[in-house]
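Chain identifiers are assigned alphabetically (A, B, ...) following the order of the sequence lines, protein sequences preceding nucleic acid strands; residue numbering begins at 1 within each chain. Side chains included, hydrogens not; waters and symmetry mates left out as well; all remaining heavy atoms used.
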Amino acid sequence: MKRILVGIKRVVDYNVRVRVKPDGSGVATEGAKMSINPFDEIALEEALRIKERGEAQEVVVVSIGTADAQAQLRTALAMGADRAILVQSESAVEPLDAARVLLKLIEREQPFAVLLGKQAIDDDNNQTGQMLAALWDRPQATFASRIELTGDVARVTREVDAGLETIEVDLPAVLTVDLRLNEPRYVKLPDIMKAKKKPLDTLTPADLGVSPRQRVRSTRYDAPAARQKGLVLKDVTELVAALKNRGLV
Amino acid sequence: MSHVLIVAEHDGRHLNPATAKCVSCAAQIPGARISIAVLGQGSAAIAAAAAALTGVTGVLHVESAANAHPLATVLAPQVAQLARDHAATHVFGPSTTFGKDLMPRVAALLDAPQLSDIMAVESAQQFRRPIYAGNIVLSVDVSGEPLIVGTVRTASFDAAPAGGSACVEAVSLAVPLPAYARFVSLSGATSDRPDLQTARRVVSGGRALGSEENFKLVYELADALGAAVGASRAAVDSGYAPNELQVGQTGKIIAPDLYIALGISGAIQHMTGIKDAKTIVAINKDADAPIFESADLGLVGDLFTILPELRAQLARS
Ligand SMILES: Cc1cc2nc3c(=O)[nH]c(=O)nc-3n(C[C@H](O)[C@H](O)[C@H](O)COP(=O)(O)OP(=O)(O)OC[C@H]3O[C@@H](n4cnc5c(N)ncnc54)[C@H](O)[C@@H]3O)c2cc1C
């Protein structure tokens with residue numbers, strides 16, 4: 001079966017302005033709205049479109065996280081994924097171990113493509129896809145804004161600092177997606193009902209033979225140095241004068 | 001003692017200034033020896049430029065036709081081999097799309113943890129980095145790890161100046177390189193304008209510009225000021241400006257002396273890209289736009305009437 005594996009991370013919704021806990025021991029996320037990482041949603045949308053074009057037969061979504069991540073997996077199933085796997089871990093899993101978990105799932109599921117978001121908007125690491133590709137000894141095409149599949153090859157346009165780069169990768173491969181790849185669909189109510197009947201398996205990293213380690217310790221959380229609210233000027237003349245005063249023009 | 005191996009970024013002709021910023025970051029690790037790995041084809045001048053950066057103790061120069069284009073799949077095994085052969089304790093690259101693509105692959109090959117977007121060095125094993133789109137600064141400790149990989153948030157460091165004269169060592173590596181990824185093409189607007197990532201002045205346009213045609217107003221003001229051009233995600237998504245101009249969490253992180261935001265609301269994902277700008281000027285018709293919270297100078301009004309006047313007054317002065 002031609003299968004695509006898609007990673008889904010549960011994160012604080014991008015509209016929430018997160019804050020540091022008063023004692024600097026962590027991020028105050030209690031009660032915050034949680035969502036699918038926006039990049040992962042785009043990865044899933046792309047996988048669904050590939051399937052709808054007849055270029056894949058099954059889309060499997062995977063989340064590594066707490067039991068609560070079931071909610072995001074259900075949303076992914078409602079969007080159209082066929083089944084879901086939760087690799088449940090109550091403590092945070094670092095990117096290299098997340099890649100190890102995904103590699104074990106690849107061995108089980110034998111996908112021809114793994115689609116991940118290029119980064120998660122909580123820890124902003126931008127690591128897991130590249131690490132997975134290295135451990136799997138397969139190609140990576142990161143920051144994709146266009147993906148075309150022809151036979152055993154994917155032609156991917158990547159958003160890079162210099163513009164748009166196109167590369168060709170042999171499949172199977174890991175593709176990580178950028179924001180302009182597509183616009184994810186909205187979930188419709190009947191689909192939410194249907195999603196309740198779709199399979200969602202729960203495993204632990206240990207079931208897959210992975211024991212996550214904490215190698216990077218977070219010792220303190222601080223608010224960034226705040227910028228001062230500046231002057232609001234009356235008109236262009238004042239603005240030009242202020243710029244001159246500061247030696248900026 | 002620490003040995004920091006920095007992977008040079010270049011376009012086949014010039015050493016990217018991001019490399020000199022990585023050197024400044026590495027130089028903050030007490031007592032560190034700093035080497036730069038230059039992997040390329042026809043890259044002798046680039047290796048020489050790397051050797052001239054103050055603070056660099058050596059350049060490892062790997063010439064190969066395979067290195068003609070920066071493919072992570074091809075570069076990563078070579079960088080990992082260099083790190084092993086030269087007993088690196090830290091392998092750094094810039095937090096640009098080049099470094100973001102390559103470094104995690106290197107980290108996985110070396111079974112090393114990676115720290116992304118290093119913004120401050122506290123010791124050889126303690127660093128600070130932004131998370132949540134820069135809303136939080138995280139201090140991390142990797143004590144006990146013999147080797148770490150890092151990407152350097154270039155906006156947080158000044159470029160190491162030229163003036164050094166390190167040795168360039170030609171290195172040939174016997175590592176098998178995979179052929180499963182191939183470069184096809186690179187398209188980007190080549191312009192005579194200053195480069196967005198290093199420009200002292202930047203003028204950016206947002207959704208308010210309304211069309212690609214109107215976005216020319218942004219270019220005109222930028223040209224009048226000798227500035228680079230930037231854009232918000234909304235302006236890029238709408239097709240007013242090309243993707244490489246995007247500033248923010250998923251675009252470029254910049255630190256110009258002057259940043260002028262035209263019709264940009266100031267979403268956190270945008271602001272994280274300009275936190276280190278010295279002076280932010282906002283022009284927006286909505287007095288309650290969040291950008292005014294962090295702008296040094298603000299002007300409330302319609303940019304389509306303000307811009308011609310601003311250009312006229314700048315031309316006169
Ligand atoms: C995961 C993720 C990553 C993101 N990454 C980025 C990123 O890297 N960079 C980025 O920029 N955004 C990013 N965004 C998007 C961000 O949240 C905002 O949607 C975006 O920055 C808005 O762009 P804008 O300010 O141009 O548009 P808007 O928010 O629509 O603001 C337009 C502004 O123009 C003003 N205006 C309208 N007409 C006029 C006029 N005639 N004269 C003067 N002012 C006028 C309005 O008052 C308004 O404030 C990201 C979002 C997500 C979810």
Under a 3.5 Å threshold, yes or no: a donor from one side chain and an acceptor from the other, between A:Q127 and B:S116? yes
Side chains of B:T97 and A:E159: closer than 4.5 Å at any heavy-atom pair? no
Atom group of A:R19 that falls short of 4.5 Å from chain B, counting heavy atoms: backbone
Salt-bridge contact B:R128-A:D222 (side-chain N to carboxylate O under 4.0 Å): yes
Heavy-atom contact with chain B under 4.5 Å, split by part of A:A162: both
Is it true that a side-chain atom of A:Q130 and a backbone atom of B:K100 form a donor plus acceptor pair closer than 3.5 Å? yes
Select one option (side chain, backbone, both, neither) describing which atoms of A:K234 are under 4.5 Å from chain B's heavy atoms. backbone
Below 4.5 Å from any heavy atom of chain B, which atoms of A:V153 appear? Answer side chain, backbone, both or neither. side chain
Let me know if A:Q228 has heavy atoms under 4.5 Å from chain B in its side chain, its backbone, both or neither. backbone
Considering only heavy atoms, which portion of A:Q214 lies under 4.5 Å from any heavy atom of chain B: side chain, backbone, both, or neither? neither
Which region of A:F39, side chain (C-beta onward) or backbone (N, CA, C, O), has a non-hydrogen atom less than 4.5 Å from a non-hydrogen atom of chain B, or is it both or neither? side chain
I'd like to know if the side chain of A:R180 pairs up with that of B:Q246 as donor and acceptor (distance under 3.5 Å, no hydrogens or angles considered). yes
Do NZ/NE/NH1/NH2 and the carboxylate oxygens of A:R246 and B:D257 come within less than 4.0 Å? no
Against chain B, label A:T128 side chain, backbone, both or neither, depending on which of its atoms sit under 4.5 Å from a heavy atom there. neither
Could you check whether A:R215 pairs with B:D111 (Lys NZ or Arg NE/NH1/NH2 to Asp/Glu carboxylate O, under 4.0 Å)? yes
Within the 3.5 Å criterion, strictly below it, is a donor on A:D137 or B:Y180 matched to an acceptor on the partner's side chain? yes
Does the side chain of B:Q249 pick up a donor-acceptor pair with the side chain of A:D124 at under 3.5 Å? yes
Side chain, backbone, both or neither of B:A282 within contact of chain A (heavy atoms, under 4.5 Å): neither
So, the part of A:L96 with a heavy atom under 4.5 Å from chain B: the answer is side chain
Answer with side chain, backbone, both or neither: which region of A:V11 has an atom nearer than 4.5 Å to a non-hydrogen atom of chain B? neither
Would B:T73 and A:Q140 count as having a side-chain donor-acceptor pair, cut-off 3.5 Å? no
Chain B heavy atoms under 4.5 Å from A:F143: which part of the residue, side chain, backbone, both or neither? side chain
Structural part of A:V240 lying under 4.5 Å from a heavy atom of chain B: side chain
Is any side-chain N of the basic residue among A:R227 and B:D296 closer than 4.0 Å to the acidic one's carboxylate O? yes
